[in-house]
Amino acid sequence: MKIYQRHTWPTTVDEAIKIQEQLQPEVITEDNLKQPLQYVAGVDMGFEEDGAISRAAVAVLSFPDLQLQETSIARRPTTFPYIPGFLSFREIPAVLDALEKIQTTPDIILCDGQGIAHPRRFGIACHLGLIIDIPTIGVAKSLLIGKHDDLPETRGSWQPLIHKGDTVGAVLRTRTGVKPVYVSSGHRVSLLTAIDCVLRCTTKYRLPETTRFADKLASSKD
DNA sequence: GCGACAG
DNA sequence: ATCTTGTCGC
């Protein structure tokens, strides 16, 4: 797919904050996606050479049967350090390289990390969604910001994630008796639709099949 | 000023 | 994210 950059990549945190604050108002947290969904994708990152090289992987699956449709991998030098709140500046450049090689344009992308459940409401899922103008959802394995009540052990149960008085996402149990995941709107997807999509992409494991496939590609040294 | 802190 | 074996529990 063809990608149009929205900005150049910053070197400093101050610059990065300006970009986040400038683009945040463009994030859409209401549904604006093709339905029924036909293709869902997952993206994930891996690192080589002690972190000097970033490796991005994309896996496109058919929906709702979740069969692998297409994959791509891209490598490039790592240019931004990992700083909580600025993950997108470290990972997105390589992700865009991998997405450019994809022939099957996904109807939605599940990202590894937060959407609007972020200090400035601009996590990696929002940033990626805005740049490529494709619906995105943030699915994180751990909490960045916000608080929530305890939730039942049953798969499918969830609780709102609250930050400074706003509902910024949800803590979702994707598997009975297993630690929950943190779901939030990325771009062009509402929270309820995001929760439904994550559940439908999750079968026998805690994480969505999309990110599991992307994870295998990003980790296997080949 | 003191912690917390996606991957 | 990454370094790494066995091990506890359903």
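Excluded from the calculations below are hydrogen atoms, water molecules and symmetry mates; all remaining heavy atoms, backbone and side chain alike, are included. All chains are named by letter (A, B, ...) in the order of the sequence lines, taking the proteins before the strands, and each is independently numbered beginning at 1.
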Roughly how many Å is it from CZ in F122(A) to C1' in dC5(B), rounded to a whole number?
19 Å
For the residue pair F89(A) and H127(A), does the interplanar ring angle fall in the parallel (under 30°), tilted (30 to 60°) or perpendicular (over 60°) class?
perpendicular
Return the value, rounded to whole Å, for the distance between atom CD1 of I92(A) and atom P of dA6(B).
17 Å
Taken to the nearest whole Å, CZ/F89(A) to P/dG7(B) is 17 Å
If the threshold is 4.0 Å, N to carboxylate O, is there a salt bridge linking R212(A) and D44(A)?
no
Do the side-chain N or O atoms of K141(A) get closer than 4.0 angstrom to the phosphate oxygens (OP1, OP2) of dG7(B)?
yes
Do the side-chain N and O atoms of R120(A) and Q20(A) include a donor-acceptor pair separated by under 3.5 angstrom?
yes
Look at all strands and tell whether F86(A) reaches a base, only sugar-phosphate, or nothing, counting heavy atoms closer than 4.0 Å.
base
Pick base, sugar-phosphate or nothing for G138(A), based on heavy-atom distances below 4.0 Å to the nucleic acid.
nothing
Length of the CZ-P vector between R155(A) and dC10(C), whole Å:
21 Å
Does this structure show an ion pair linking K141(A) with D112(A), if we count only N-O contacts that are shorter than 4.0 Å?
yes
In whole angstroms, how far is the P atom of dG7(B) from the CG atom of D50(A)?
21 Å
With a non-hydrogen cut-off below 4.0 angstrom, is Y82(A) in contact with a base, only sugar-phosphate, or nothing?
base
So what's the dot-bracket for DNA chain B: Watson-Crick or G-U pairs under 3.5 Å, [ ] if a pair crosses, | if it pairs off-strand?
.......
Between R121(A) and D166(A), does at least one N-O distance fall below 4.0 Å, as a salt bridge requires?
yes
Could you provide the dot-bracket string of DNA chain C, using ( ) for intrastrand pairs, [ ] for crossing pairs and | for bases paired to another strand, with Watson-Crick or G-U pairs below 3.5 Å?
..........
Atom-to-atom span, CD1 of I124(A) to C1' of dA6(B) - whole angstrom
8 Å
Atom pair distance, as rounded to whole Å: NE2 in H163(A) and C1' in dC5(B):
12 Å
Between R6(A) and E26(A), does at least one N-O distance fall below 4.0 Å, as a salt bridge requires?
yes
Please determine whether a side-chain nitrogen of the Lys or Arg among E100(A) and K2(A) lies less than 4.0 Å from a carboxylate oxygen of the Asp or Glu.
no
Ring geometry between H7(A) and W9(A) (parallel below 30°, tilted from 30 to 60°, perpendicular above 60°):
perpendicular
Quick one: is S142(A) getting a side-chain N or O under 4.0 Å of the dG7(B) phosphate, OP1 or OP2?
yes
So what does I145(A) touch, heavy atoms closer than 4.0 Å: a base, only the sugar-phosphate, or nothing?
nothing
Looking at R200(A) and D196(A), is there a salt bridge between them, counting it only when a charged N and a carboxylate O are closer than 4.0 Å?
yes
Please state how far atom NZ in K147(A) lies from atom P in dA4(B), giving the value in whole angstrom units.
15 Å
